[in-house]
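What follows is a single structure, written as structure tokens, with notes after it.
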Amino acid sequence: MDITRKGFFGLAASAIAAVASGPTVAAAPKAASRIAKARRTLIRGADIITMDPKLGEIAGGDVLLDGGKIAAVGKGLNAGDAEIVDGRGMILMPGMIDAHRHVWEGMDNGVIAKISRTINNYNEYKLRTMVCYTPEDAWLAQYASAIQAIDSGVTSLVDYCHIFHTAELAEQAARGLIDSGIAGTFCYQVSHTPTYKAGDTVRMADANAMRNAGPDDTHWRTVALLRERVFTGKDGLVRFGLCPSPGFNGRALTAIAAEMARIRTYEPHIVSQHHHRSKEVLPPHLFNQFEQLGPAKLLGPDYQVVHGNGMTDAELALCRDNGVMIAATTMGEQSYPDPSIHGRARAMGVAAGIGVDGALAFTHDYFQHVRGGFYNLFRTDEGKRIASAYQGEDALDFVTRLGARAIREDGVTGTITVGKRADLLLLRTDRINFPIVGPFADRVANYSNQPDIDTVWIAGIVRKRGGEMVGVDMKGLKARINAASTRINEQGATINFV
Ligand SMILES: [Zn+2]
């Protein structure tokens, strides 16, 4: 589809108007304006897991937030007129980082289980639903799902956006993520040109070919539009990234190199790509070209390998030596023959994070993924050796300090350190079974759950307080995503794949 500037502006504007004025959209895109301003704040008397090797844990410590950053860490701090938050009896830790999530899927939590009797697999589900989203739906899916992430203590993530391929959908998807107030990188995938719609009869082979196709002109125009209209600079809480076509579609190295070269002309903060090495579950031509990328000099500090399970030590060394990041998805990796790579990658000196991945199928309680990552290590003897040396802090590393490196936010977030962005979680510890002994990181890694999250700050702005999201009508939002999801899935069910 050719999109003129005029048509695009018109559609985007009407999408926003529709969302803002519709009867079911009380929260609207304007919800973003309800995000409070960053205030000078002193969190007093908390038990602090700084994740900063120089600071360690501080019992009964104070943290001063100023101008969206961490201004001071210590004990007995004085802060004049700062707002005081009583952190006594609570644990303060860095906001958690999700290195790989398909954010849009928060629209359809649980749907993969619910539809299993009628729809064969995840890819068919995507093929049905992706052509039924309106731009308003795209905004809503991204906004609502990112709000869910913040609610679960995730303050920064990499969004692997692999369903909203037209310019209208992609722009609204990006804006939804930005409007949520979360930090991280929005990665638009340059592929998929489905030409069918609800009610059509389509050969499944054709639909799959469209899904796996490489980029065409419409994708590059969309990338240019996103750069012109949404991501004009390099800074901002949400940065611009790209995902190449799925698994490079098994294409020749020259085609992969050409795609990568064009991707990099847009200066993406992150180039994120799924690479599975578990050949037992996927066609060998898919996801397995990683070994070709190093010698072809296509790897670099912008490159993020997703999954990477089954990678060899030589490939991990290639990652380390080229500054390549890895986003393992510890709970999602359980269904593959090889265990999650995060422990081995970390031991090899690679910037490794973890992530929720399929937000529609895995719990959003991110502490469960942290624990899943730790216990995943026990699937191999090597992993057991790695795990035997772990403290709670090591388990938390993947979602804090090292996690920040795995999303190219090293030096920005991930530790409670003066000068870093004030991305913080204050956790309640008053549940009867919450431990009172051991390092604070051990207690959190073993026992914390989403309902324990009392307060969330992103860039010094309070997003959750007293266990409730601030400035977000959560009930209304749930009603909106339920209505949209129901409609999209009903429409998707009318597509007749043959
Ligand atoms: Zn994924």
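Every number for a ligand or one of its atoms is a count from 1 in the order of the listing.
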Step through the shown structure and confirm whether more than 12 heavy atoms of other residues, nucleotides or ligands are within 6.0 Å of OH on Y375.
->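 No, the 6.0 Å shell around OH holds no more than 12 heavy atoms from other groups.
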Is it possible for you to check whether R221 lies under 6.0 Å from the centre of the six-membered ring of Y188, through NZ or CZ, and within 45° of that ring's axis?
->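 The answer is no, since R221 fails at least one limit relative to Y188.
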For R128 and G492, work out which heavy atoms get closest and say how close.
->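 Minimum heavy-atom separation between R128 and G492: NH1-O, 3.1 Å.
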Among I270, V230, V223, whose side-chain contact (heavy atoms from CB on, under 4.5 Å) with F240 holds?
->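 Passing option: V223.
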With sequence neighbours excluded, what pairs up with H165 under the side chain to side chain donor-acceptor pair (under 3.5 Å) test?
->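 Residues passing side chain to side chain donor-acceptor pair (under 3.5 Å) with H165: H192.
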Give the total of protein N/O/S atoms at a distance below 2.8 Å from the Zn ion (ligand 1).
->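 The number of such protein atoms is 4.
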May I ask you to check whether E333 and H307 show a side-chain donor-acceptor distance below 3.5 Å?
->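 Checked: E333/H307 side chains pair up, N/O donor to acceptor below 3.5 Å.
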